[in-house]
Amino acid sequence: MSEMTLKLSVWRQENAADAGKMVDYTLPGVSEHMSFLEMLDVLNEKIIAEGGDPIEFDNDCREGICGMCSLVINGIAHGPEKRTATCQLHMRHFKDGDHITIEPFRAEGFPVIRDLTVDRSSFDRIIAAGGYVSVNTGNAPDANAVPVSKEAADKAMDAAACIGCGACVAACPNASAALFVGAKISQYALQPQGDPERARRAQRMVDQMDAEGFGACSNHAECEAVCPKGISIMNIARMRREYLKAIIS
Amino acid sequence: MPKKEGDNRAPGQIPENERDYYLERRYPSFGNLVPRDVASRNAKYVCDEGRGVGDTKLAVYLDFADAIKRLGEDTIRDRYGNLFEMYQRITADDPYKVPMRIYPAVHYTMGGLWVDYNLMSTIPGLFVLGEANFSDHGANRLGASALMQGLADGYFVIPYTIGDYLASADLPKTSTEDAAFQTSENEIRDMTAKLLGIKGKKTVTEFHRELGMVMWDKVGMSRTKEGLEEAVGRIKELRKEFWENVRVPGNPSQLNKNLEFAGRVADFMELGELMARDALERNESCGGHFREEYQSAEGEAVRDDEQFTHVAAWEFTGAEQTPKRHTEALAFENVKLTQRSYK
């Protein structure tokens, strides 16, 4: 089992009002089998033992499905591996002596709370604006009462694979949330259950996205390149179509 | 598994006649399709025998070679592609080519908060849905994921019962001036100040890990009376040490995940002891709740239906007080209780 020593430059920021700065740490004894977050756990234990305050970073499931982890690693949202969330990035992709920079997701729509933790509740408000299917109370519908074609189900499932982490925003030169919103609009627009509200949904979610301060999409496709779930920018095209249809109908 | 202890050859190098397909050997009619408690326990036993594989020796092989030969790699990819990908990321092994190394880990325990038939807890108006409540899973977790209970409670129960409660309950207006709120707020403030004020030598993570090891060794998938008694004692000591020697950094007025974590670990210390006490009280084995003293000659769980056809619910009687055990009979109208067998 090979162990390495890393030089880490980590963004430290007391709170939203603080200017923040990069702080350097040296961390020995990093196993290649650790995930990136486990490596940060080890660093935090060291910091606590030395009397400091640990680095705040978001995480939860650590198996790439919850969307809580983030981080810009060496300038890339979720780090160097394709289709990989930070929690699934393992240290074997780095080597002894590497210098790694770790920063938060930066965007107007994601204000820093502390260190590497940013406030992504703007995404929640976009979902609340229309990312649901309204149902009447009463009996739950029978399982196979509404047929969905395999093709539509597959495409909707691919869009629904979005875990809402916000890497798309962090990677975009415009800090646009178009990939996230496109995926969420698509997962409903492609299925009959989402059909009745599709126009209202597209309009409200896009309006909320703009209100939150996210920039416009200008087709850089950086979002698709960093997306840990490989969400396609086809979903952005679908969002535009849905939005246009909604505002001219 | 390799038949011989200390066989360090790569799995592909081990000839068929030097392999031990231990589940197929012990459970010929179910093979590796035995329920998860049986599969998990047997994986632990072969590793405890010293035959575990890989760097840690805490793993057994799960080989998809036959399934891939029978169904083709595409079919397997269609069914398990996401899981195989996760595995490959963690281990850097390609599970389509090399057998997976697996080992049981706790990610769920049966049981939860007591609720009534309408899913309301002992606190009026506090409903508990999904696997946070105790109601569906007993001997084993049914359906192997949280979906079953999440959907059942969310779709079929709560839409009816919560509406009825809201329509019929007397819900006077209240505010944060209420005495109960003030008491709670003060308790939280005191607890926070206490945690931050200890300034001890051990981190929250160290306590969490120590507690985890006790739970894993003594209150896990295979338990004994002695082990459980030891666990109760060990957790008591650990809890005492926690409140004297934990180091929680930072301050209470900013985001402080270590402080949140300390609060959770303090809870786990109480819950862990309760789980050990509950297991100690039940002199029988039932599915995943396996007491080594109560097993058949073939290693199957032996229940004592005379004594234990009930749910046990523990009442919190105050911090550091012994909780009180209540029982609720289990009545089976359409199913006859029998001894299961996977032979």
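So that the names make sense, note that chain A is the first sequence line, chain B the second, and so on, each numbered from 1.
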Crowded around Arg125(A) CZ? As in, over 12 foreign heavy atoms under 6.0 Å?
yes
CD/Glu108(A): more than 12 non-hydrogen atoms of other groups inside 6.0 Å:
no
Interface residues of residues 60-69 of chain A facing chain B - non-hydrogen atoms under 4.5 Å apart
Glu63(A), Ile65(A)
Heavy-atom closest pair (Gly51(A) atom, Arg247(B) atom, distance to 0.1 Å) is CA-NH2, 3.8 Å
Distance check, rounded to the nearest 0.5 Å: Leu255(B) atom CG versus Thr117(A) atom OG1?
5.5 Å
If I measure from the heavy atoms of chain B, does Ile48(A) come under 4.5 Å with its side chain, its backbone, both, or neither?
both
Using a 6.0 Å cut-off, check whether atom CZ of Arg92(A) has over 12 heavy atoms from anything other than its own residue.
yes
Closest heavy-atom contact between Pro249(B) and Pro54(A)?
CG-CD, 3.4 Å
Between Asp53(A), Asn44(A), Leu89(A), the one whose heavy-atom pairs under 4.5 Å with chain B are most numerous:
Asp53(A)
Nearest heavy-atom approach of Glu45(A) to Thr205(B) is OE2-OG1, 3.1 Å
Turns out that what part of Glu14(A) lies under 4.5 Å from chain B's heavy atoms comes down to both
Asn256(B) portion near chain A, given a 4.5 angstrom heavy-atom threshold:
both
Side chain to side chain donor-acceptor pair (under 3.5 Å) filter on Arg239(B), not counting sequence neighbours, yields Glu273(B), Glu320(B)
Which side-chain hydrogen bond (donor to acceptor under 3.5 Å, both in side chains) pairs, counting each pair once, include a residue from residues 79-88 of chain B, with sequence neighbours left out?
Glu85(B)-Arg89(B)
Show me the pairs that pass side-chain hydrogen bond (donor to acceptor under 3.5 Å, both in side chains) and involve residues 144-160 of chain A, at least two apart or across chains.
Lys150(A)-Asp154(A), Glu151(A)-Lys155(A)
Could you check if a side-chain atom of Lys257(B) sits within less than 4.5 angstrom of a side-chain atom of Asp58(A), using non-hydrogen atoms only?
yes
Should we say atom NZ of Lys57(B) is surrounded by more than 12 heavy atoms from elsewhere, each under 6.0 Å from it?
yes
Side chain, backbone, both or neither: which part of Glu56(A) has a heavy atom under 4.5 Å from chain B?
side chain
Taking atom CE of Met4(A) as the centre, report whether more than 12 heavy atoms of other residues, nucleotides or ligands fall under 6.0 Å from it.
yes
When you look at CE of Met157(A), are more than 12 heavy atoms from neighbouring residues, nucleotides or ligands closer to it than 6.0 Å?
no
